[in-house]
Amino acid sequence: MAAARTGDPEPHVIVHELEPHDAVEALRDGSCDLAITFTYNLIAGDPPPGVSRQVLSVEPILIALPADHRAATGEVDLRVLREEQWIAGSRGTTDHEMRHRTSRYPA
């Protein structure tokens, strides 16, 4: 934003909420100029041609469990929870895909 202000003291900012894949497509088709997205290490991938990616932050994934759950003892191996019932993002979202992939790995 600071660099944008040098060319235009009042840049016009519009915020759209999109899934990461859709945000990258919006960059590619020119309907947006910048996308702040996220990725999971289980869903790694290189950006498509014509898109440059810079890591802004690396953060842990947090999971909420009942205090008396057998896995609620610190760092959680998601493979241990693959048979549990989950609340996750809608089908077709990155959150849902991450949850789906955790069930593919043996405990």
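Quick note: residue numbers are just sequence positions, from 1. Everything numeric here is computed off the predicted structure, so don't read it as measured data.
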> When rounded to the nearest 0.5 angstrom, what distance separates CG in L27 from CG in D22?
Replying inline: 11.5 Å
> Atom NE2 of H69 and atom CD1 of I63: how far apart are they, to the nearest 0.5 Å?
Replying inline: 8.0 Å
>> Quick one, L65 and R70 - any side-chain contact, counting heavy atoms below 4.5 Å?
In response: no
> What distance do L18 atom CG and C32 atom SG have between them, rounded to the nearest 0.5 Å?
Replying inline: 7.5 Å
> Can you find a heavy atom in the side chain of V24 that is under 4.5 Å from one in the side chain of P48?
Replying inline: yes
> Which pair of non-hydrogen atoms, one from A72 and one from A67, has the smallest distance, and what is that distance?
Replying inline: CB-O, 3.9 Å
>> According to salt bridge (Lys or Arg N to Asp or Glu O under 4.0 Å), who are the partners of R28, at least two apart in sequence or on a separate chain?
In response: E25
